[in-house]
Amino acid sequence: MDRTLKTRLEAKLADRLTGPVRQRQDQTEIRVRPADLIEVLRTLHDDPQLEFTILADVCGVDTGDTLQTVYHLWSDETPDWLRIVVDGLPREDPRVPSITSLWPGAEWSEREAYDMFGIVFEGNRDLRRIYMPPDYTSYPLRKDFHLPDDSARGPGGGVRHIEQPYAPVAGTEHSIRRTVKA
Amino acid sequence: MTAPAQPQQHPSEDDPRIMLDGQVGQYEQVPPYPPRTEREAEFYTLGDGEMFLNMGPQHPSTHGVLRVVLKISGEKVVDLDPVLGYLHRGVEKLCENSDYHHIISQIDPLEYVSSLFMEWAPVMAFEKLLDVQVPRRAEYIRVLTGEMLRIASHALFQGWMALDLGGLTPILYSFIERDEIVEALAALTGQRMLFNYFRIGGVNGDLNHEFMSRVGDWMSRALVQHEANIGLLNENEIFVRRMRGIGKVDRDMALRMGVTGPNIRAAGVPFDVRRAHPYSVYPELEFNVPVRGTKDGGDSLDRYLLRLDEVRESIRIIDQCLHEMPDGPVMARMPRLMRPRPGRAWAAVESPRGLFGTYVISDGTDQPFRFRVHDPSFVHLQLVGMLMKDNLIADTMAVMASLDPVMGGIDK
């Protein structure tokens with residue numbers, strides 16, 4: 001846990017943070033609004049006291065209620081991993097600016113998050129499905145996309161519908177709705 | 001008069017039974033369908049004298065099942081568009097529906113030539129969620145087996161590299177090297193490829209006699225064998241001339257493209273997770289982080305040579321592990337059923353291909369709520385499109401092989 005990173009982040013980003021800087025073990029987490037994302041990442045990348053040059057990961061998260069995008073960065077200036085969470089994206093129309101202008105290498109990761117969660121990255125010039133076929137219509141990693149045997153987890157369940165060759169998007173009456181406060 | 005019977009509405013358009021309704025063909029569109037993105041429109045518009053060529057999905061030098069659509073003009077590659085998903089099995093969704101122990105075996109086949117690293121990252125993330133202290137002996141065993149597998153993976157890379165350029169001999173020799181390591185690990189774990197050996201809080205079993213005798217046997221001539229394998233290719237003028245100068249990655253491009261592992265070190269950036277964000281017992285071990293490439297960046301030959309440098313460093317690490325291996329238990333005391341408190345954890349390891357990371361969200365149940373896998377090959381494959389512009393078709397394989405992608409990890 002790098003306490004000085006917390007003070008540095010609070011000083012540089014100030015009102016762009018939507019919550020307190022959280023620290024646990026070797027990770028520091030900040031939360032920002034989608035509109036501020038590019039500016040925040042540019043500050044983190046360019047500021048000589050921060051210099052987060054390596055983009056470790058871009059991913060989407062479905063908390064069950066809303067969607068998030070999560071970025072992990074590395075810098076030589078701190079022993080911590082930095083996690084940036086953009087939360088509160090509405091399920092119906094999740095939109096977040098693309099970071100391909102800063103890290104062009106995020107293009108495929110953003111395509112993957114679009115494929116799996118339906119998050120639209122505005123500014124990504126190649127936002128099409130990457131794993132699933134082009135005519136696919138649902139978003140498999142969303143929490144309302146239930147696997148065929150999810151009902152086994154509910155009361156009265158226990159039978160695996162192996163003969164059912166597709167994954168029902170709506171879930172069954174026994175499927176459990178999972179949410180998390182993330 | 002009754003209305004004509006409507007076809008039955010299915011719950012999802014992804015239902016394969018829809019195909020039975022006489023709509024075959026509607027779902028089998030291939031380009032040119034109307035372009036969906038700006039980039040696709042640009043790519044699928046042919047210029048003067050250009051044509052498309054599909055390489056794969058069964059092409060032997062794509063290291064798995066990858067289709068690359070090449071836009072070519074004569075022998076020159078103008079642009080290319082990799083098509084992924086042939087090996088996609090939804091491992092993230094599978095892991096979100098498996099309990100924490102089960103994930104270790106689910107995630108094993110991602111990068112099937114270095115599967116211990118695929119176990120290492122999630123196991124580390126779970127240990128962070130559970131606040132477990134791993135016994136030192138277990139950490140040493142993890143480093144020992146991991147570094148052995150890194151050598152096996154790099155040996156295989158050397159063989160593949162030559163094979164993709166048309167040389168058959170080196171792969172036969174590098175398989176000897178790989179086989180000795182894999183047989184030793186099989187004596188320890190019971191498996192040759194998908195080891196399923198690491199556990200949350202330690203490893204599955206202590207070192208046994210057969211493993212130790214095999215490792216001792218192999219270590220006594222590891223360096224000599226390695227030097228002999230190097231001699232097969234590094235002095236070969238055809239090989240060197242073929243690799244020199246193609247697929248140049250410079251420092252800035254490597255950082256902006258999110259490249260990690262040997263590929264970024266060959267471009268002159270000394271980023272190695274083992275040193276940049278130390279984990280396990282790496283801070284206690286002595287080894288160098290080899291860097292290659294000039295200020296203009298590194299080419300395919302640099303990436304090839306860098307991996308050979310790494311093998312020597314790995315042999316050094318193994319030597320230290322064997323000498324400094326502490327006594328003690330190999331597993332922490334763990335409950336059978338794990339329910340970590342709600343929280344989030346990210347853990348990354350340096351796999352032979354680069355930064356392999358996992359991000360786990362726990363909701364307090366015995367299954368992770370979100371399980372994200374970051375695979376380095378996935379990021380590296382993006383480079384091929386940039387590197388291949390205005391190069392020869394035949395060099396596509398050389399450049400792709402020098403990035404060392406494994407499709408199992410890319411497609412997840």
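Naming: A, B, ... by sequence-line order, numbering from 1 per chain.
- Taking the centre of each ring, B:H277 and A:W74 stay at or above the 6.0 Å mark.
- With a 4.5 Å cut-off on non-hydrogen atoms, A:D115 does not touch chain B at all.
- Interface check for chain A: of the options B:H88, B:R372, B:E38, B:H374, the most heavy-atom pairs under 4.5 Å are formed by B:R372.
- The contact between A:P79 and chain B is made entirely by backbone atoms, counting heavy-atom distances below 4.5 Å.
- Looking at A:I130, both its backbone and its side chain come within 4.5 Å of chain B, counting heavy atoms on both sides.
- In this structure, the portion of B:V273 lying under 4.5 Å from any heavy atom of chain A is its side chain and not its backbone.
- With a threshold of 4.5 angstrom between heavy atoms, A:D26 approaches chain B through its backbone and through its side chain.
- With a 4.5 Å cut-off on non-hydrogen atoms, B:E96 touches chain A through its backbone and its side chain both.
- For chain B, the option among A:E107, A:Q27, A:R129 with the highest count of heavy-atom pairs below 4.5 Å is A:Q27.
- Residue contact with chain A, scored on non-hydrogen atoms closer than 4.5 Å, is absent for B:D375.
- One finds the CZ atom of A:R128 at 7.0 Å from the CZ atom of B:R39 (value rounded to the nearest 0.5 Å).
- Heavy atoms closer than 4.5 Å to chain A are found in the side chain of B:F271, but not in its backbone.
- Only the side chain of A:E112 comes within less than 4.5 Å of a heavy atom of chain B; its backbone N, CA, C and O stay farther away.
- With a threshold of 4.5 angstrom between heavy atoms, B:I264 approaches chain A through side-chain atoms but not through N, CA, C or O.
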